[in-house]
Amino acid sequence: MAIKEAHIVLARCPQCNRHLYGIRVEKQPDHWALTWAFPIDESKAKSEGYDETVLNGTFHPSPNYNGCPFCGTKTFLHCPRCSKITCYHGESYATCAWCGLSGETKAQNNMSLKGGSM
Ligand SMILES: [Zn+2]
Ligand SMILES: [Zn+2]
């Protein structure tokens with residue numbers, strides 16, 4: 001079995017004081033599969049360089065994905081301004097936990113956060 005390409009991306013949970021957590025993602029032929037989420041502190045994330053990871057494509061939770069370690073969600077908003085991800089619970093209006101951009105949200109699978117000024 002070939003070793004899969006995997007990375008750690010960072011997300012924040014707005015329901016838990018915007019706490020930071022890491023998500024392990026594995027490359028699949030047509031998307032990135034989320035495989036594991038774990039709490040991480042800011043200085044560790046920075047020293048590991050996780051905050052510089054940039055991945056393009058579609059993200060889907062794998063069948064075993066455990067979800068946000070704080071609120072348990074497996075869905076995200078992807079912010080068009082800072083390109084970071086925030087836990088999402090189906091709200092029709094949401095705020096990016098990284099940069100504070102807020103706006104109406106589109107369909108859940110679309111993973112985008114539409115800001116008023118964009
Ligand atoms: Zn969360
Ligand atoms: Zn943002």
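- Residues Ala37 and Pro69 come closest through the heavy atom pair CB-CD, 3.9 Å.
- Counting only residues at least two apart or in different chains, salt bridge (Lys or Arg N to Asp or Glu O under 4.0 Å) contacts with residues 51-67 comprise Lys46-Asp51.
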Side chain to side chain contact (heavy atoms under 4.5 Å, CB included) for Ile40 and Ile8? Distances and angles first, verdict last. CA-CA 11 Å; Ile40 189 167; Ile8 304 293; 5.7 Å; no
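- Put simply, CH2 on Trp98 and CG on Leu77 are 13.5 Å apart, with the number rounded to the nearest 0.5 Å.
- For the residue pair Asn64 / Ser62, no side-chain donor-acceptor distance below 3.5 Å is found, with atom types taken as modelled.
- Closest of all the heavy-atom pairs between Gly22 and Leu10 is CA-CD2, 4.1 Å.
- The distance from atom SG of Cys68 to atom CG of Leu34, rounded to the nearest 0.5 Å, is 12.0 Å.
- Residues Phe38 and Arg24 approach most closely at CE2-N, 4.4 Å, considering heavy atoms.
- Separation of atoms NZ (Lys84) and CG (Leu20) is listed at 9.0 Å; rounding is to 0.5 Å.
- Taking each heavy atom of Gly100 and Arg81 in turn, the nearest pair found is C-NH2, 4.3 Å.
- Distance check, rounded to the nearest 0.5 Å: CG of Leu55 to CD1 of Ile85 gives 9.5 Å.
- Looking only at atom types and distance, the side chain of Tyr88 has no donor-acceptor partner in the side chain of Thr73 under 3.5 Å away.
- The two residues Ala97 and Arg18 make their nearest non-hydrogen contact at O-NE, 2.7 Å.
- Of all heavy-atom pairs spanning Thr86 and Thr95, the tightest one is CG2-O, 3.9 Å.
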Side chain to side chain contact (heavy atoms under 4.5 Å, CB included) for Trp32 and Lys27? Distances and angles first, verdict last. CA-CA 5 Å; Trp32 290 96; Lys27 192 168 177 49; 3.6 Å; yes
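- Screening residues 5-17 for side chain to side chain donor-acceptor pair (under 3.5 Å), with sequence neighbours left out, gives Glu5-His7, Arg12-Glu42.
- Ring geometry, Tyr65 versus Phe76: the interplanar angle falls from 30° to 60°, so the pair is classed tilted.
- Residues Cys71 and Cys16 have side chains not in contact (no heavy-atom distance under 4.5 Å, counting atoms from C-beta outward).
- Distance NZ/Lys4 to CD/Glu26: 4.5 Å, rounded to 0.5 Å.
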